[in-house]
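Report on one structure; see the data block that follows.
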Amino acid sequence: MVLSAALLVLSTLVVPAYAAVPFPVESLDGSGNNAANPTWGRTGTAYSRVGSTRYGDGVGSPTTGPNSRFVSNRVHSDLAQNVFSERHVTGWGWTWGQFLDHTFGLRDGAGPTATTANIPFNAGDPLETFTNTLGYIPFARSAATAGTGTSAANPRQQTNTLSSYLDAFPVYGGTNTRLDWLRAGTVDGNPANNSATLLMQNNYLPRRTARGNASTAPATDVDGRLLAAPGNALVAGDVRVNENINLTATHTLFAREHNRIVSLLPASLSEEDKFQIARRVVIAEQQYITYTEFLPAMGVNLPAYTGYNAGINTSLSNEFATVGYRSHSQIHGEIEVETDADRYSPAQLNAFTAMGLEVTVDGDEAAIVIPLNVAFFNPDLVSSLQLGPLLQGIGLESQYRNEEMIDDQLRSVLFQVPVSGNPECLDGPDLPQCFRGVVDLGAIDIERGRDHGMPTYNQLRQAYGLPARTSFTQITGESTAAFPADPTLTPGNEINDPDSMTFTRLFDLFGLQVDVNDEDALETDPVSFTRRTTLAARLQAIYGNVNNVDAFVGMVAEPHIAGTEFGELQRAMWAREFRRLRDGDRFFYGNDQGLTTILNQYGIDYRANLGDIIARNTDIPRAELASNVFFVHGDTPPTSCRVTYTIVTSWPGNFQANIKIWNTGTRPINNWTLRFAFANGQQITLPWNGTFAQDGVRVPVENADWNGTIPAGGSLDGVGFNATRGAANASPANFTLNTTPCASG
């Protein structure tokens, strides 16, 4: 069926009117998504605002505050200590989050108003451990939206160069010119006369040289190691595709998915029809994964979808883009791949080692650890490691806990090239030895808030309907904002004492303390910690008054709401934004727009989880991926649970116990891991109805093949064991089910 002109979205970037698909075609630049307000959410428009601007002069000059590197050294430094997500959200949390960020937000940083505003660097700071021969941290202001910044009544605004919709922008881009280059076929400015498939090279994304002259390829960001060979940069819908290998791999996955869908369509369809059908499905897949897997994994649970609301302006809010969506703490300083050793030749493994990767071969298995710095702007690694193992590896380990700390790979040496000849110091405590420049993402996050006229932390809370905090302990949830009387600290100058940052206690998923003095302490999996001084004390020493705290700093300092990866403010910001991005999008999958037609005519369904899409497009079998790749153990933690632990019988030196698990939450559990710890040295000798893996006092229990599902409101009885006992036989004090603390009894 041929579309009438009335059904087509009016835009200079819309697919040509002769496209014969039986549904409206979404524009590339977001224009016309809202028929009554066609510029809402369009590329090149100003970010919206939830609250008022806050500039130093009320018009457009950045506010002043403590030096942002000074703040970063005292708030965001993690001293190379791993602290993982307490809910075991995998690396797909931050990877998918970045894939979305590169779908709906990119500030305009070009033009005469994008002035240099470098962050001063103090080499004499007693908490500084890095060398910076440049003498400052590079920073440039975002460009002012044209016509703004003229008066207090018309303050400076910033421009989003992407559309604000979940429209698979990283796959297709926002202009006909870019899409024409990305689609296989001719390059004449008109993508509609090209192949339905996206251009690939050996089933990987095309390089800038793929069509001959790299200078004619669409723009793509080049930095770090890639500066030495810019022609090797890959090209995709978004310019940031080469930023790190996780992101590059996700781009590659969905380019493959597009081409896979095209291959399922009948040859009788035109190339343009096949392209638009595949694009429609890929857009819906990105949305479906976001709202059914990613957001629940992060602990953002929205009200049920009730339909498209044309009254919502979906233009991304400045507060969300500049503060709320900056979850850089979650990014682990290394990426791990575990796969068959015979995937790689000895020469490849040696090459990996030479570039700073840690390679361990054990029999027929290979474990490869990639420091994040090596993963920056290094797209060749994606094909060298191979797409399947890399995507699988993202889901094998927890991401970092989302709090105030940021790994030094981001907080100090972002995109920097290390000194030559020392590949052993690319991660951990020795990292400063490898670099002579400093780029601090935490400091930049603070500075960007000042640049964009963000309100203070308390003002931002009030803009989102939350009460202002009246003390620093209210911000952090800690018991004191006073520095301790500790002989290791300098009285009266604790904020400038490096010992103020020392970790004093670490706790794992079982609630047990990890020895911080153990030489392997950096390699454990703690999920919470205490330091010699409270964060509240350090914030008070830095800011003096709670009303002075930068919005980003206060937001990440908040304690998590149970069952989420967020504090109160950040969760409120995510909930508002993602609800608006859903409800105000005419092409949201819940509003159909051709998806039922595609399913009925071609049998292609957008409702696939991320693990399904990985398995369809790589050589990793679905069974070797978690059912939900956003969780290490494969299922969303229940909202609540209860465990009954009963000693059924005992005899000299031994006893038998039974465990009953209640899912008191609102959704079924399809795979579960129960964790508890013994207090008296009990040792399990014969378990049943579960896979027990006791390690000292710690006992993780995974479901058996036949009892992995516990319905909402249901229970599972009969998980039990025989065990030896000591003089005492206390019942475990705490149980967690998929990391959710359970009531007992």
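All residue numbers refer to positions in the sequence shown, counting from 1.
- Residue Ser627 is tested with Asp612, Asp635, Asn671 for a side chain to side chain donor-acceptor pair (under 3.5 Å); the sole match is Asn671.
- The closest side-chain donor-acceptor pair between Gln656 and Thr649, if any, does not fall under 3.5 angstrom.
- A ring pair (Phe, Tyr, Trp, His ring centres under 6.0 Å) with Phe294 holds for exactly one of Trp92, Trp94, Trp574; it is Trp574.
- Aromatic ring centroids of Tyr291 and Tyr305 lie 6.0 Å or more apart.
- Minimum interatomic distance between Gly97 and Tyr325 (heavy atoms only, all atoms of both residues): O-OH, 2.8 Å.
- Taking 4.0 Å as the cut-off between side-chain N and carboxylate O, Glu568 and Arg469 count as a salt-bridged pair.
- By the ring-ring contact (aromatic ring centres under 6.0 Å, His included) test, Phe99 pairs with Trp96, His251, Phe254, sequence neighbours left out.
- His76 and Phe552 have their aromatic ring centers within a separation under 6.0 angstrom.
- For the pair Arg401 and Phe84, the cation does not sit on the ring face, since its NZ or CZ is not both under 6.0 Å from the ring centre and inside 45° of the axis.
- Donor-acceptor pairing under 3.5 Å is recorded for the side chains of Ser327 and Gln570.
- What you find for Ile613 and Leu253 is that their closest heavy atoms are O-CD1, 3.6 Å.
- The shortest distance between side-chain heavy atoms of Val516 and Phe529 does not fall below 4.5 Å.
- In this pair, Tyr589 and Tyr288 present their aromatic rings perpendicular. The plane angle is above 60°, beyond the 30 to 60° band.
- Between Glu257 and Arg260, at least one side-chain N (NZ, or NE/NH1/NH2) sits under 4.0 Å from a carboxylate O, which counts as a salt bridge.
- Counting non-hydrogen atoms of neighbouring residues, nucleotides and ligands closer than 6.0 angstrom, the CG atom of Asn734 reaches no more than 12 such neighbours.
- For the pair Arg667/Asn301, a side-chain contact is recorded, criterion being any heavy-atom separation below 4.5 Å from C-beta on.
- Side-chain contact between Met405 and Gln81: absent, with no pair of heavy atoms (C-beta onward) separated by less than 4.5 Å.
- Donor-acceptor pairing under 3.5 Å is lacking for the side chains of Glu86 and Ser528.
- Closest approach of Cys641 to Thr740, counting heavy atoms only: SG-O, 3.6 Å.
- Ring-centre distance between Trp672 and Phe735: not below the 6.0 Å cut-off.
- Side-chain atoms of Asn658 and Asp717 form a donor-acceptor pair, as typed in the model, at a separation below 3.5 Å.
- No side-chain heavy atom of Leu674 sits under 4.5 Å from any side-chain heavy atom of Val719.
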Q: Please test Thr103 against Gln286 for side-chain hydrogen bond (donor to acceptor under 3.5 Å, both in side chains), starting from the C-alpha separation and ending with a verdict.
A: CA-CA 10 Å; Thr103 298; Gln286 185 190 40; 2.9 Å; yes

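- With hydrogens and angles ignored, the 3.5 Å screen pairs a side-chain donor or acceptor of Asn663 with a backbone N or O of Gly665.
- The nearest pair of heavy atoms linking Leu506 to Pro526 is CB-CB, 3.9 Å.
- Taking the six-membered ring for Trp and the full ring otherwise, Phe587 and Tyr165 have centroids separated by 6.0 Å or more.
- The shortest distance between side-chain heavy atoms of Arg256 and Thr618 falls below 4.5 Å.
- Of all heavy-atom pairs spanning Arg280 and Asp592, the tightest one is NH2-O, 2.8 Å.
- Under the 4.5 Å side-chain criterion, counting only non-hydrogen atoms from C-beta, Asn246 is in contact with Leu390.
- For CG of Asp362, the number of neighbouring non-hydrogen atoms (other residues, nucleotides, ligands) closer than 6.0 Å is 12 at most.
- Residues forming a salt bridge (charged side-chain N to carboxylate O under 4.0 Å, His left out) with Asp583 (at least two apart in sequence, or on another chain): Arg579.
- Between Thr724 and Thr685, some side-chain heavy-atom pair lies under the 4.5 Å cut-off.
- For the pair Arg87 and Pro637, the tightest heavy-atom approach, listed with the atom from each and the gap, is NH2-CD, 4.0 Å.
- Contact check for Val699 versus Gln694: side-chain heavy atoms found under the 4.5 Å cut-off.
- The aromatic ring centroids of Phe631 and His88 lie 6.0 Å or more from each other.
- Between Phe655 and Phe721, the angle of the ring planes goes over 60°, which puts this pair in the perpendicular group of the 30/60° scheme.
- Counting heavy atoms of neighbouring residues, nucleotides and ligands inside a 6.0 Å radius, atom CZ of Arg675 exceeds 12 of them.
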Q: Evaluate side-chain hydrogen bond (donor to acceptor under 3.5 Å, both in side chains) for Gln399 paired with Ser85, printing each intermediate quantity in order.
A: CA-CA 6 Å; Gln399 67 180 13; Ser85 162; 5.2 Å; no

